[in-house]
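First up is the structure itself, then whatever we jot down about it.
Computed from a prediction, not measured in an experiment: that's the story for all the values here. Atoms within each ligand, like the ligands themselves, are counted from 1 in listed order. Hydrogens, waters and symmetry mates play no part in the numbers below; they use all other heavy atoms, side chains included.
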Amino acid sequence: MSKNHVPYKTYLSENELPEAWYNIRADLPNLKPYLHPGTQQPVVPDDMTAIFPMALIEQEMSMERYIPIPEEVRELYRSFRPSPLCRAYNLEKALGTPARIYYKYEGNNPSGSHKLNTAIPQAYYNKQAGIRRLSTETGAGQWGTALSVASQLFGMECTVYMVKVSFQQKPYRKGIMQTYGATVFSSPTNLTNAGRGVLAKDAGSMGSLGIAISEAVEDAATHADTNYALGSVLNHVLLHQTVIGLEAMKQMEKIDEYPDMIIGCCGGGSNFGGIAFPFLREKIVNGRKTEIIAVEPAACPTLTKGVFAYDFGDVAGLTPLVEMYTLGHDFMPPGIHAGGLRYHGDSSLVSRAYHDGYISARAVHQTEVFDAAVLFAKTELILPAPESAHAIRTAIDEALACKESGEAKTILFCLSGHGNMDITAYEDYLSGKLQDIEYGDDMLKEGLKGLPVIG
Ligand SMILES: *Cc1c(COP(=O)(O)O)cnc(C)c1O
């Protein structure tokens, strides 16, 4: 097919839905094991069975290159996948760029983001293991929504510890989760030791993601019929998200394209890893020269300013130690509007790929991010999630660089979700209330003080 006749949207049929996820652990050298937080010895499966089903623990540690997607999961994927690969003709025109811009749109499901891609298999494997209820935390609300949707598909209960400040400020998200049958608590609660401990010290605590994680983990660990589910960061989460990149690869093949550049926003790394890893394999194994860029907020610059070290995944220091880029587990990210990108650390897989030079990273400020979001909304007609708009910003910057140089690069980015629930953020931007927050060296110094000493 001639490149001049690429359609606005390239679809795959339901039968072309990938049959297996891609596990980059098979191709990425130098990965280090998780360490037990107490003994600092490599984590073994038994360490995790109190909160995860064995099938997911096995995926977490697997070195198999391809892991079959269970037929029941593929069947449920079919209600919103394969997702379209879109050519951003209108955005290209507005920019006057010779670049060809493509995006994979993951917002077309009731969770509004890519998170349902992992919520469904996580619920499935837990159901298989005889689990009756899932517990989790949610900050901005996307993950809690995705897990609520997935849990009810398998007839399981879902308990969501929602950070109090979001619980009060985002009543719509709460309402959606409740519609799908979830029980939503404002965290900190007085239902867990972790929550009671916080409230004893500060009765007016507005909560944090770290506190909510501690509550959800405690809930799972203390109830035999309940497991915990995490929406990003872990290997099995990134594994499930590779369905995005595997589809994109097939779609690009159909239109006789291959990306010169792949861009994804990066909080814990799941949508970025999801779109990038299948292409990263081509780079590592077959030497294809694709530039792969992870984009993060300048206010929470984990890859671009953090250090590569073993650190905890949560504030309380209960999770395994993970080798990753981190700003320090007790770093409190400032309240920017892309809530899904406010995490002190990053996936160990993304961190290793970055450390070894296979991918690059960039940090962008929120006002320039919203400039890009509004241009995208006006040209491509989808109101993007503030998180996703980080990828849009960088795609636009790269397309403008092509305009300067006259190069017609093929750019692919992940549009991880829509922003229909983030209107407050847009209103703040439009009324000039958004401020750029500079992450200072003093903040890094402070954050790194809490890094655990290994060995
Ligand atoms: C949660 C979320 C993110 C950030 O999480 P990753 O694991 O880094 O992908 C990005 N975009 C949207 C729309 C989200 O909901």
Is any N or O atom of Gly268, backbone or side chain, closer than 3.5 Å to an N or O atom of ligand 1? yes
Any side-chain heavy-atom pair from Tyr105 and Ser83 closer than 4.5 angstrom? no
Sidechain N-carboxylate O distance under 4.0 Å for Arg78, Glu75: yes
May I ask you to decide whether Arg81 forms a salt bridge with Glu106, counting only side-chain N to carboxylate O separations under 4.0 Å? yes
For ligand 1, indicate whether the residue Leu341 contacts it via side chain, backbone, both or neither (heavy-atom separation under 4.0 Å). side chain
Taking only non-hydrogen atoms of Ser113 and a 4.0 Å limit, the atoms of ligand 1 in range are 13 (C), 15 (O)
Can a salt bridge be assigned to the pair Glu323 and Lys32 using a cut-off of 4.0 Å between side-chain N and carboxylate O? yes
Just jot down the ligand 1 atoms closer than 4.0 angstrom to any heavy atom of Asn271, in number order. 6 (P), 9 (O), 10 (C)
I need the nearest protein heavy-atom contact for atom 4 (C) of ligand 1: residue, atom name and distance, please. Gly340 O, 3.3 Å
What atoms of ligand 1 come closer than 4.0 angstrom to any heavy atom of Gly417? 13 (C)
Between His337 and Phe370, how do the two ring planes meet: parallel, tilted or perpendicular, split at 30° and 60°? perpendicular
Under the side chain to side chain contact (heavy atoms under 4.5 Å, CB included) criterion, do Thr145 and Thr138 qualify, and how do the steps go? CA-CA 8 Å; Thr145 306; Thr138 200; over 6 Å; no
Does ligand 1 have any atom that is closer than 4.0 Å to a heavy atom of His114? yes
Looking only at protein heavy atoms, which one is nearest to atom 8 (O) of ligand 1, and what is the separation? Gly267 N, 2.7 Å
Any heavy atom of Cys266 under 4.0 Å from ligand 1? The part involved is backbone
Residue selection (non-hydrogen contact nearest atom 2 (C) of ligand 1) among Glu106, Arg342, Lys115, Glu387: Lys115
Taking atom types as modelled, is there a side-chain donor on Glu380 or Tyr8 under 3.5 Å from an acceptor on the other? no
Between the side chains of Arg362 and Glu398, is the shortest nitrogen-to-carboxylate-oxygen separation below 4.0 Å, so that they form an ion pair? yes
Would you say ligand 1 has an N or O under 3.5 Å from any N or O of Gly231? no
Near Gln142, which atoms of ligand 1 are under 4.0 Å from a heavy atom of that residue? 14 (C), 15 (O)
Would you tell me whether Glu60 and Tyr34 have side-chain atoms, one donor and one acceptor, within less than 3.5 Å of each other? yes
Return the residue, atom name and 0.1 Å-rounded distance of the protein heavy atom closest to atom 7 (O) of ligand 1. Ser232 OG, 2.5 Å
Looking only at non-hydrogen atoms, the one of Ala140, Ser416, Ala146 nearest atom 12 (C) of ligand 1 is Ser416
Decide if atom OH of Tyr66 counts as having more than 12 heavy atoms of other residues, nucleotides or ligands within a radius under 6.0 Å. yes
What part of Ser270, side chain from CB on, backbone N/CA/C/O, both or neither, has a heavy atom under 4.0 Å from ligand 1? both
